[in-house]
Amino acid sequence: MTTGEKLALLRKKKGITQEALSEILNVSRQSVSRWEMDIAFPETDKLIRLSKLYGCSVDYLLNDDIQESSAAQVCADVDVYYQFLQECGYFFLATSVDDKPRLRPFGMIYSSDKHLFIVTDKRKKVCAELTENPQFAVAGYNTGTRRWIRISGRAEVETSSVVREEMMVRYPSLRQKYLDETGIYIVIYRLLIEDADIM
């Protein structure tokens, strides 16, 4: 598989359009298209960002002989969970504070670098709850397939400006909802998955 073919396949697995990727990398959509057709080659800094975005090594992207590694398979599993949750339309996040469960609907989720990310407003109770106890559970139900997904693990605050920008590209309403003249209220959590099941 050529570098271009790998770039196209990994982008599609992430559910990112060429236009969205061009915004993330600050290049033209035509540049992304040319990379994927093996007409041009990404610059080194772009290759590094692409490898982080897709959860694979730069060597994997560059070498036609290297197949997906076990790390890339973990990424594929996370992509399966992400795709399932996207198809559900929304999901539920459960937290626990003072031995009392709290459940709330969520809709904005993102997958990058073998992890899932959720976003919320730092002024909401969920932030205080995850600070006190980072254990979480996520559940979603696909009405079309009548299948459930359950994911559990620990949540940690994600401070990467790259991930924040990627989420804002995927969900443009975040700029209006969580940014104003008094501050930035967006907080992103990386979901460190300890257990997951699709039934």
Side-chain angles (χ1 to χ4, degrees), residues 10-21 23-24 53-55 74-180 184-199:
L10 291 167
R11 177 183 57 75
K12 289 172 186 172
K13 278 186 177 181
K14 284 285 185 190
I16 302 172
T17 64
Q18 286 185 345
E19 187 173 293
L21 182 61
E23 290 180 30
I24 290 168
L53 175 65
Y54 296 146
V74 171
C75 178
D77 291 343
V78 169
D79 285 341
V80 168
Y81 307 149
Y82 171 68
Q83 187 66 37
F84 190 100
L85 289 167
Q86 286 287 97
E87 289 171 4
C88 289
Y90 66 93
F91 56 95
F92 292 93
L93 174 75
T95 59
S96 178
V97 178
D98 299 328
D99 293 325
K100 295 179 183 175
R102 303 266 168 83
L103 189 67
R104 64 201 33 91
F106 263 72
M108 295 182 189
I109 191 162
Y110 180 69
S111 170
S112 179
D113 194 24
K114 299 177 285 190
H115 294 285
L116 293 175
F117 300 91
I118 58 171
V119 61
T120 189
D121 187 322
K122 67 174 74 171
R123 299 166 292 185
K124 292 188 176 182
K125 286 184 181 178
V126 65
C127 294
E129 292 168 9
L130 288 172
T131 298
E132 186 175 329
N133 181 354
Q135 293 299 126
F136 75 89
V138 163
Y141 180 68
N142 186 320
T143 57
T145 63
R146 297 184 179 186
R147 296 181 73 197
W148 282 93
I149 186 169
R150 291 188 181 127
I151 300 171
S152 60
R154 291 180 306 105
E156 65 179 29
V157 174
E158 175 62 42
T159 58
S160 165
S161 60
V162 172
V163 170
R164 184 172 71 193
E165 190 57 35
E166 288 169 1
M167 286 200 80
M168 292 209 178
V169 167
R170 175 153 302 280
Y171 300 105
S173 63
L174 287 175
R175 291 190 195 280
Q176 300 156 348
K177 192 171 184 179
Y178 297 132
L179 301 177
D180 67 22
I184 299 172
Y185 298 111
I186 188 173
V187 60
I188 297 171
Y189 288 96
R190 177 189 297 251
L191 303 182
L192 305 173
I193 299 171
E194 296 169 356
D195 189 33
D197 197 14
I198 296 177
M199 299 159 283

Hey, could you give me the [atom1]/[atom2] distance between [X] and [Y], rounded to the nearest 0.5 Å?
X: Ile188; Y: Lys122; atom1: CD1; atom2: NZ; answer: 11.0 Å
X: Asp79; Y: Lys12; atom1: CG; atom2: NZ; answer: 14.5 Å
X: Ile151; Y: Phe84; atom1: CD1; atom2: CZ; answer: 9.5 Å
X: Glu156; Y: Leu192; atom1: CD; atom2: CG; answer: 4.5 Å
X: Leu85; Y: Phe91; atom1: CG; atom2: CZ; answer: 6.0 Å
X: Arg104; Y: Phe92; atom1: CZ; atom2: CZ; answer: 11.5 Å

Taking all heavy atoms of [X] and all of [Y], pick out the closest pair and write down the distance.
X: Leu130; Y: Gln135; result: CD2-O, 4.2 Å
X: Gly140; Y: Cys88; result: C-SG, 3.8 Å
X: Ser173; Y: Met108; result: OG-CE, 3.5 Å

Inset, instruction - Could you check Thr95 against Lys125 for side chain to side chain contact (heavy atoms under 4.5 Å, CB included), going step by step and ending with a plain yes or no? - result: CA-CA 10 Å; Thr95 59; Lys125 286 184 181 178; over 6 Å; no
Return yes if some donor-acceptor pair links the side-chain N/O of [X] with the main-chain N/O of [Y] below 3.5 Å, else return no.
X: Tyr171; Y: Ile109; answer: yes
X: Arg11; Y: Ile16; answer: yes
X: Glu129; Y: Ser96; answer: no
X: Asp121; Y: Arg123; answer: yes

Inset, instruction - Could you give me the CA-CA distance, side-chain angles and deciding distance for Tyr189 and Val157, then say whether side chain to side chain contact (heavy atoms under 4.5 Å, CB included) is met? - result: CA-CA 5 Å; Tyr189 288 96; Val157 174; 3.6 Å; yes
Inset, instruction - Please name the residue in the list Met168, Arg170, Glu166 that meets the side-chain contact (heavy atoms from CB on, under 4.5 Å) test with Ile24. - result: Glu166
Inset, instruction - Look at the aromatic rings of Tyr82 and Tyr110 and report parallel, tilted or perpendicular, splitting at 30° and 60°. - result: perpendicular
Inset, instruction - Take atom OH of Tyr90 as the centre, draw a 6.0 Å sphere, and report whether it contains more than 12 heavy atoms from other residues, nucleotides or ligands. - result: no
Inset, instruction - Check the surroundings of atom CD in Glu19: do more than 12 heavy atoms from other residues, nucleotides or ligands lie under 6.0 Å from it? - result: no
Legend entry - Tyr141/Arg146 under side chain to side chain contact (heavy atoms under 4.5 Å, CB included): CA gap, chis, key distance, verdict: CA-CA 7 Å; Tyr141 180 68; Arg146 297 184 179 186; 3.4 Å; yes
Inset, instruction - Take Val80 and Ile198, measure what side chain to side chain contact (heavy atoms under 4.5 Å, CB included) needs, and give me the verdict at the end. - result: CA-CA 10 Å; Val80 168; Ile198 296 177; 3.9 Å; yes
